[in-house]
> 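Let me give you the structure first, and then I'll get to my questions.
Predicted model, so just to flag it, every value in this text is computed and none were measured.
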Number of protein chains: 2
Amino acid sequence: MLSPLPSAKAMVPFVSVENMMRLVHRLGVETVLAELADAIEADFRRWESFDKTPRIASHSRDGVIELMPTSDGNIYSFKYVNGHPLNVVEGRQTVTAFGLLADVTSGYPVLLTEMTLLTALRTAATSAMAARHLAPREARTLTLIGNGAQAEFQALAMKAVCGIETVRLYDIDPRATEKVAANLAGFGLRCVPCASTQEAVEGAQIITTCTADKQFATILTDNMIGAGVHINAIGGDCPGKTELHPDILLRSDIFVEYAPQTRIEGEIQQMPADFPVTELWQVLAGTAPGRRRPEQITLFDGVGFAIEDFSALRYVRDRLAGTGLYQELDLIADPDDPRDLFGMLQRAKP
Amino acid sequence: MLSPLPSAKAMVPFVSVENMMRLVHRLGVETVLAELADAIEADFRRWESFDKTPRIASHSRDGVIELMPTSDGNIYSFKYVNGHPLNVVEGRQTVTAFGLLADVTSGYPVLLTEMTLLTALRTAATSAMAARHLAPREARTLTLIGNGAQAEFQALAMKAVCGIETVRLYDIDPRATEKVAANLAGFGLRCVPCASTQEAVEGAQIITTCTADKQFATILTDNMIGAGVHINAIGGDCPGKTELHPDILLRSDIFVEYAPQTRIEGEIQQMPADFPVTELWQVLAGTAPGRRRPEQITLFDGVGFAIEDFSALRYVRDRLAGTGLYQELDLIADPDDPRDLFGMLQRAKP
């Protein structure tokens, strides 16, 4: 008996934005951030089991569209993500994303999900995971320069993972700072709006830059950076987009995700191709030192890497089980006889 | 007023396998194949306006997962496609696919669709489009060696585009041949099941090889190929998978989609890296000759290229208008204020 209905093999679970938000609320946003940090750390520790390639970028005048694939030999993942700074002008997101997990043995997709929210969560979780290993242990104050879409996620991840209690906020647009302070009310963080970058960095052990302008900007200058701080620089993440004065890079020990990609996209695009950096996974694996001295300046030059998306997608798939927070999508054809694709088409004739 | 519902900007039209089948039946499968051939030809004629890159492949023991992106500067497309020959053993498809169109200006996706069926259609349409320019004009008989999932699509595309009237069929599994003959009943093609490859090629002006085994196979040997035929070799499409004896390649004028990719994946992987080939688009653009003499053997070494998927995706988007044959998918987040992604998440709290 040949069925005209798609079989279970043809159905792919899909997590909409709506369902992703429900999942996050069901688990709790801080729990998600902390668990994501652990999931990403676990995958960074087995770094060498992953296929790694710089993302495949299609650049245009207005932005970039990127595909970020990776695989550990059992599971394959990729993310589609765009970066279009001018989108804000028309009320659109600068960054939107979706992603997919597939079974390497069959090549069949096993999860399709929105990743605009998930990327915001995993980016913050990665920053916090890096800070857990690089920032001073007693860090309780975080500075956030740039109070856009990533800011609240950064604050809550640093709270959940590193024990941050105070967040000092600065943005060139005071309304952005007001937005972050309002959104974080009730989360047990003390928010301190500041009138300048200089004021915002005072007394902070962790300084995060996450601004959106696509240019060689100088958000932080050398004089603002005191001994012993950890800098989490995540807004310099594509060619032609940086946030730090090069003098800061010369004074810091720099940690990156995947050096071949970061040399193209990160703060270190300002430096010679052989400028010394440490890949963060080596610190986690114990093969390279992290923070060695209290007065040392550590810098995480984060640009986002495919393995973080892999971890986040696997995490969502695991946490999705039993929740019902997905739709079944009839995404791939599955004829009764795999050689009879045309027969499947013919049997569907009205 | 902040809306908890996703806005129109966040919704992406999605074409399921079910709806793709409905669309094909509404338009008619031969019409779709002929119009796809025209759409692909039109894009091949403006070849130089596309970003081109060999597909990004993730190889494993059992198969390959590939991403195939391209862009013409206005529209971006990519396809996810797997190739897993052993899938058939477990009742799964060897090749499944889905794809996406996005607006280059904003990076926002504008169409997500199944592409298992669409890939079968566009592969056949590409073969027929190549044959329209390379095969003898009076070709009325087609040989199909390999009677698997691609066979009926090839037969109907060659009928719709080149006027083929007779199809000579051979497969090592006679049940596959029976399947094709049964499926093609009522389409006005004369099907001739044959007992051997040698018998199948007799009297044919176009010989198509579309077998599935991943090995260096010799489906066609030199003695089988008479003067003046056009060979449409589409089953040799990844490293380690070929169908033709190298002697045939030495006697033929070879036409390819994108030489850097075909040298890795096509029949010509058996030849030196500088073996002379012509890119098909040059024939269409009038800058290289196609068939020059009646006795000439022409060979289309087809492996499938991203621009064909681009053309097919655009075609589906254009033909979808007004049909209602799609679902709206809540794939990308779209907060009221693009900088307030976290606020959108908070407002969705139950």
Side-chain angles (χ1 to χ4, degrees), chain A residues 6 9-10 16-18 21 24-25 29 51 56 58 60 62-63 65 67 69 71 73 76 78 80 82-84 87-88 91-94 96 98 100 102 104-108 114 116-117 120 148-149 152-153 176 179 183 329-334 338-343 345-346 348-350, chain B residues 6 9-10 16-18 21 24-25 29 51 56 58 60 62-63 65 67 69 71 73 76 78 80 82-84 87-88 91-94 96 98 100 102 104-108 114 116-117 120 148-149 152-153 176 179 183 329-334 338-343 345-346 348-350:
Chain A
K9 281 177 192 153
S16 66
V17 176
E18 196 84 48
M21 295 196 292
V24 170
H25 286 304
V29 60
D51 272 351
I56 299 105
S58 176
S60 61
D62 298 317
I65 297 176
L67 298 175
S71 165
Y76 170 95
F78 85 86
Y80 169 103
N82 75 300
H84 286 72
N87 271 4
V88 176
R92 293 177 190 266
Q93 284 282 114
T94 303
T96 68
F98 70 90
L100 183 110
V104 167
T105 306
S106 70
Y108 271 40
E114 87 82 34
T116 307
L117 263 169
E152 297 92 337
F153 298 96
K179 173 213 69 161
N183 278 337
L329 226 56
D330 176 17
L331 183 66
I332 54 172
D334 188 59
R339 289 183 310 186
D340 197 13
L341 189 63
F342 190 83
L345 175 63
Q346 282 305 97
K349 202 162 183 173
Chain B
K9 281 177 193 155
S16 66
V17 177
E18 196 85 46
M21 295 195 293
V24 170
H25 286 305
V29 60
D51 272 352
I56 300 109
S58 175
S60 61
D62 298 317
I65 297 176
L67 299 176
S71 165
Y76 170 94
F78 84 87
Y80 169 103
N82 75 300
H84 286 72
N87 271 6
V88 175
R92 293 178 191 265
Q93 284 282 112
T94 303
T96 67
F98 69 91
L100 182 110
V104 166
T105 307
S106 69
Y108 271 41
E114 89 80 32
T116 307
L117 264 169
E152 297 91 338
F153 298 97
K179 173 213 70 162
N183 278 337
L329 226 56
D330 176 19
L331 184 66
I332 54 171
D334 187 59
R339 291 183 309 188
D340 196 13
L341 189 63
F342 190 83
L345 175 63
Q346 283 306 98
K349 201 163 183 173

> According to side-chain contact (heavy atoms from CB on, under 4.5 Å), who are the partners of B/S58, at least two apart in sequence or on a separate chain?
A/D51, A/S71, A/Y76
> Describe, in one word, how the ring planes of B/F78 and A/F98 are oriented to each other, choosing from parallel (under 30°), tilted (30 to 60°) and perpendicular (over 60°).
parallel
> When only pairs under 4.5 Å are counted, which of A/D62, A/T94, A/L341 shares the most heavy-atom pairs with chain B?
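Option with the greatest count: A/L341.
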> Which one, B/V29, B/V104, B/N87, B/V88, leads in non-hydrogen pairs under 4.5 Å with chain A?
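With the most close heavy-atom pairs to chain A, the winner is B/N87.
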> Under 3.5 Å, side chain of A/N183 to main-chain N/O of B/F342, donor-acceptor pair present?
no
> Between A/D330 and B/S16 (side chain of the first, backbone of the second, donor and acceptor by atom type, cut-off under 3.5 Å), is there such a pair?
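Looks like no, no N/O pair under 3.5 Å.
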> Please report the closest heavy-atom contact between B/A102 and A/Y80, naming both atoms and the distance.
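Taking every non-hydrogen atom into account, CB-OH, 3.0 Å.
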> Tell me, side chain or backbone of A/L345 under 4.5 Å from chain B's heavy atoms, or both, or neither?
both
> Can you tell me how far apart NE2 (A/H84) and OG1 (B/T105) are? Round to the nearest 0.5 Å.
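Spacing of NE2 (A/H84) from OG1 (B/T105) equals 7.0 Å.
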> Spell out, as yes or no, whether a donor-acceptor pair under 3.5 Å connects the side chain of A/Y108 to the backbone of B/Q93.
yes
> Given that the side chain runs from C-beta out, which part of A/A333 has a heavy atom under 4.5 Å from chain B: side chain, backbone, both or neither?
both
> Is any side-chain heavy atom of B/H25 closer than 4.5 Å to one of A/P350?
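When only atoms from C-beta onward are counted, B/H25 and A/P350 do touch, with a gap below 4.5 Å.
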> Does A/L331 reach the side chain of B/T116, with side-chain heavy atoms less than 4.5 Å apart?
no
> Mind ranking B/G343, B/S106, B/A149, B/G73 by heavy-atom pairs under 4.5 Å with chain A and telling me who comes out on top?
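Winner by heavy-atom pair count: B/S106.
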> Under 3.5 Å, side chain of B/K179 to main-chain N/O of A/R339, donor-acceptor pair present?
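Pair found, side chain donor or acceptor close to backbone of A/R339.
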> Could you give the distance from CE (A/M21) to NZ (B/K349), rounded to the nearest 0.5 Å?
13.0 Å
> Could you look at A/V24 and say if it's the side chain, the backbone, both or neither that has a heavy atom under 4.5 Å from chain B?
side chain
